[in-house]
Structures are given as structure tokens and as C-alpha cells.
Amino acid sequence: MATVVLIGTLDTKGEEYAWLAERVRRHGARTVMVDVGPLSVPAEAPEGPWEAWIDAAEVARAAGTEQETLRAAGDRGAAMTAMASGAAEVALRLYAEGRLDAVLAVGGSGGSSVAARAMRALPVGVPKLLVSTMASGDVSPYVGEADVTVMHAVVDVAGVNSVSAQIFGNAAAAASAMASEHEARRAAPPAVERPLVGLSMFGLTTPAVDEARAELTALGYEPLVFHATGAGGRALEKLARDGRLAGVLDLTTTELADDLVGGVLSAGPHRLEAAGTRGIPQVVSLGALDMVNFGPRESVPAQFAERRFLVHNPTVTLMRTTVEENAELGRRIGAKLTAARGPVTLLLPLRGVSGIDADGGPFRDEAADAALFAAVREAVAGSAVEVTEEEAHLNDPGFGARAARKLHAHITATGA
């Protein structure tokens with residue numbers, strides 16, 4: 001029988017979680033309750049229709065502290081942060097024990113943040129459903145790079161009424177069904193799984209990545225393409241960090257330009273690090289580092305008024321990176337690659353790094369590209385990073401296929 005793990009603050013939401021657990025059980029799933037309420041008292045914890053209950057004291061200990069310490073400090077914000085850390089550890093333990101097929105939570109801002117932290121810790125593919133009063137705004141702090149499904153609570157999580165009963169009931173049915181699907185996959189995994197390879201792609205690097213994807217498929221891999229829009233890069237990093245990938249073909253490292261300059265599609269400062277830390281074979285290029293991304297033209301900060309722009313569409317404005325920015329990007333990328341523990345090949349397409357950085361293109365700037373190439377060469381000089389330079393554009397026919405074959409050679413050599 002599938003198991004749905006409920007993560008909630010029983011010190012404030014005991015009634016709602018008992019109702020939710022009963023609905024999950026009606027749909028044929030077991031329930032495990034993880035109490036993350038920092039003020040919960042075990043002796044006073046509400047009775048609930050769950051097969052197992054992990055109390056708040058155990059969650060606090062999983063975070064390396066004691067519940068009494070958190071209560072004595074009188075800082076609910078700090079306590080919730082600690083309980084979030086503990087909840088993540090508990091969720092991972094339950095998953096490893098085969099006692100977690102889905103996670104379900106309901107809450108306001110505090111409860112949502114705690115449950116979401118536990119959800120984000122779990123592997124991609126494990127069902128995660130968060131019913132939150134915060135769901136109609138920016139949910140990126142809750143979702144992060146994970147596959148968290150967020151449902152708007154509509155009304156506050158304050159008792160069960162005719163409206164919340166419908167929403168919570170839908171959530172219970174959805175979580176139960178997803179848990180059953182996950183249990184079935186766990187019980188009967190595919191007989192043969194092709195090794196997974198992560199690829200990064202942007203609209204302006206699509207020809208190269210499509211060619212690489214086709215080549216990798218022919219070589220027996222399952223390519224996973226990530227759109228390099230910040231969230232995509234973070235998702236690629238998470239799968240690499242979780243050890244799910246046999247190799248990474250990172251042709252499109254554009255998110256690092258947004259991180260450096262302040263664009264809207266940054267994947268954070270740790271982009272291009274997870275595969276290296278795990279020792280996963282990599283082939284890396286400099287796709288779309290000729291641009292920084294902003295929203296509509298009028299949203300571009302005034303400090304960039306004199307720069308070169310291209311309105312890609314009504315909601316995306318591209319800004320050309322400068323000589324100085326490209327040099328710094330080269331240094332940063334070189335530092336990340338030289339720190340890698342696995343094999344790395346760096347591919348330099350000397351005739352352009354994106355669809356608009358070609359001869360005659362609106363972002364063609366040979367001096368800026370040369371600064372990028374020179375800086376990254378210098379940064380990796382004397383290291384184990386293999387550098388391959390081609391008198392070709394990144395999107396020229398053959399470039400993506402050659403990159404794919406190089407990654408295949410690395411994977412084969414390492415036995416990954």
C-alpha cells in the first residue's frame with residue numbers, strides 16, 4: 001500500500017491534518033504524520049488517523065537541536081528554520097526506508113516554508129503537493145529547483161469549512177493517486193534504463209543542442225534538456241548533485257551572465273559546480289554568454305541605458321555583454337572547471353556563441369568574444385581541463401554532435 005507523508009504544524013493545524021489524513025486513507029493510502037510544530041507537546045498531540053507519527057521532538061533532534069531549546073529561545077522564526085531542516089532529514093530517512101511515496105502539506109507562510117524545505121530535499125519524481133495560502137504569488141522560494149506542485153488554498157488554513165473541504169479533498173485525492181503511481185514504479189522499475197545525460201539549451205543555442213541530443217540518443221543515452229532560464233539551470237544542478245546523471249553536456253552557460261550582471265534568468269552563483277563536485281563527466285561550452293536577459297524593454301534598469309539591446313519578444317529583452325563582463329565570465333567558468341573532480345572538456349566555438357553572435361548578427365562582437373576565450377584559456381591553463389578550439393560557430397552543423405561524442409568518450413573511459 002502506498003504511503004503519504006503529511007508534514008504539518010500540529011501545534012496550530014491539528015484539526016486540519018486529522019481531516020486531511022482521514023481523506024487520504026479513504027483513497028486507500030497509508031499516512032505518516034510528521035509534526036513540525038515547534039510548540040507541540042507530545043502528551044497533548046491530537047489523535048489522528050495515521051499509521052505512524054513522528055513527533056516534533058524527534059524532528060528537532062534531526063536538526064541537531066532539542067525542542068525545549070527552541071521553545072526556551074522564544075524565537076518562532078528560528079524555530080521554524082530548525083524544524084524545516086529536521087523535516088528534510090526525516091523525509092529523506094522515510095524515503096530511504098521505503099516509507100514515503102508522496103508528501104502532502106497544507107499551511108500558511110510558516111508551515112509552507114517548513115514543508116517545502118522537506119519536499120525540495122527529496123529526489124525529482126517523488127510526488128510533492130503543497131496547499132498554501134501563498135500560492136497565488138511568487139512561489140519560487142517554495143519550489144526552488146524541485147518538482148513541487150503548489151495548490152492555492154484560497155481561504156486560510158483555519159479549520160475545515162465548505163470551501164477548504166473541497167480544496168483539501170482534491171489535494172488528498174491527488175496525493176493518494178500520485179503515491180500509488182510512485183509505489184508502482186518503485187515496485188516494478190524499468191528492466192533496462194538508459195543512462196541519463198543533462199543538456200542545457202536556450203532558444204539561441206537550439207540547433208547545437210538538438211544535434212547533440214540526437215547523437216546522444218543514438219549512442220544509447222536518455223538526454224534531459226534543461227531550458228537555461230534560471231530554474232532550468234538549478235534543476236540541472238540538482239539532478240547532478242543527486243547523482244542522477246551519467247554526464248553533463250553544458251553547451252549553454254548563459255545563466256552565469258545573468259548572475260554576474262544582474263539579469264532576470266540567473267541560476268545563482270553555484271551554477272556549473274554540482275557535476276564537478278560529484279565527479280560527473282562534463283563537456284562545457286560558452287553558449288549565449290553574449291547576452292544578459294531582462295523583461296520588457298521598459299523594465300531594463302536605467303544604469304544600462306547606453307548598452308546594446310535586442311528585443312527578443314514583448315517579455316524578453318537581451319543586452320549584449322561587454323569585453324569586461326566576458327573576461328570576468330571566462331575567469332569564473334575557468335575556476336569552476338578546474339575545481340571539477342571528473343573529466344572536463346571545454347569547447348570554444350571561435351566564430352560565435354549564440355544565434356545572434358554570428359557574422360552579421362546583431363550581437364556579433366569579436367572583441368568581447370575574444371576576451372571571453374582568452375580569460376577562460378588562462379584560467380584553465382596547467383589544469384586537467386581539456387580545451388578544444390574550433391573555427392566554427394556554436395550552431396554550425398557538426399558542433400553539437402562532436403560535443404556529444406566527446407562526452408560519450410569521457411563517460412566510457414570512466415565507466416560511468
Could you tell me whether [X] and [Y] have a side-chain N and a carboxylate O separated by less than 4.0 Å?
X: R186; Y: E183; answer: no
X: R30; Y: E51; answer: no
X: E145; Y: R241; answer: yes
X: R76; Y: D11; answer: yes
X: D369; Y: R364; answer: yes
X: R185; Y: E181; answer: yes
X: R402; Y: E215; answer: no
X: R351; Y: E390; answer: no

May I ask you to test the [X]-[Y] pair for a side-chain heavy-atom distance under 4.5 Å?
X: V36; Y: V90; result: no
X: L348; Y: V376; result: yes
X: D250; Y: R271; result: yes

Verify, without hydrogens or angle tests, whether [X] (side chain) and [Y] (backbone) share a donor-acceptor contact under 3.5 angstrom.
X: T345; Y: V283; answer: no
X: T31; Y: P49; answer: yes
X: T338; Y: G334; answer: yes
X: R117; Y: Y142; answer: no
X: S299; Y: P296; answer: yes
X: N313; Y: T315; answer: yes
X: D290; Y: F363; answer: no

query = Side-chain donor-acceptor pair under 3.5 Å between S266 and D258, yes or no?
reply =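 There is no such pair (donor and acceptor under 3.5 Å, judged by atom type) between the side chains of S266 and D258.
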
Any donor-acceptor pair under 3.5 Å linking the side-chain atoms of S112 with those of S109?
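The answer is no; no qualifying pair exists.
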
**Report entry** Under the salt bridge (charged side-chain N to carboxylate O under 4.0 Å, His left out) test, residues paired with E222 that sit two or more places apart
**Finding:**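 Residues passing salt bridge (charged side-chain N to carboxylate O under 4.0 Å, His left out) with E222: none at all.
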
Given T149, L104, V148, the one that forms side chain to side chain contact (heavy atoms under 4.5 Å, CB included) with L130: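 It is V148, the one option of T149, L104, V148 that forms the side chain to side chain contact (heavy atoms under 4.5 Å, CB included) with L130.
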
| query | Can you tell which of L129, V103, V24, L20 makes a side chain to side chain contact (heavy atoms under 4.5 Å, CB included) with V4? | reply |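 Testing V4 for a side chain to side chain contact (heavy atoms under 4.5 Å, CB included) against L129, V103, V24, L20 leaves exactly one candidate, V24.
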
Handout entry: Lys NZ or Arg CZ of R23 over F168 ring: under 6.0 Å, within 45°
Key =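 Pair R23/F168 does not count as cation-pi.
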
- Residue from R320, R307, R332, R331 passing salt bridge (Lys or Arg N to Asp or Glu O under 4.0 Å) with E325: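 Of the listed options, the one satisfying the test is R307.
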
Legend entry - K128, R234, R120, K238 screened by salt bridge (Lys or Arg N to Asp or Glu O under 4.0 Å) with D147, the one that passes: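 The salt bridge (Lys or Arg N to Asp or Glu O under 4.0 Å) with D147 is passed solely by K128 among K128, R234, R120, K238.
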
Verify the ring-centre separation between F309 and F304: is it less than 6.0 angstrom?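 No, ring centres 6.0 Å or more apart.
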
Item to check | Worked check of side chain to side chain contact (heavy atoms under 4.5 Å, CB included) between I333 and T253 | outcome: CA-CA 9 Å; I333 290 171; T253 45; 4.2 Å; yes

Under the side chain to side chain contact (heavy atoms under 4.5 Å, CB included) rule, what do V59 and V34 come out as? Steps first, then yes or no, please. CA-CA 8 Å; V59 174; V34 179; 3.7 Å; yes

Exercise. Describe, in one word, how the ring planes of Y95 and H182 are oriented to each other, choosing from parallel (under 30°), tilted (30 to 60°) and perpendicular (over 60°).
Key: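 The arrangement is tilted - the two ring planes meet at 30° to 60°.
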
**Item:** CA sep, side-chain torsions, deciding dist, call: Y221, I411, side chain to side chain contact (heavy atoms under 4.5 Å, CB included)
**Value:** CA-CA 11 Å; Y221 298 96; I411 294 171; 3.7 Å; yes

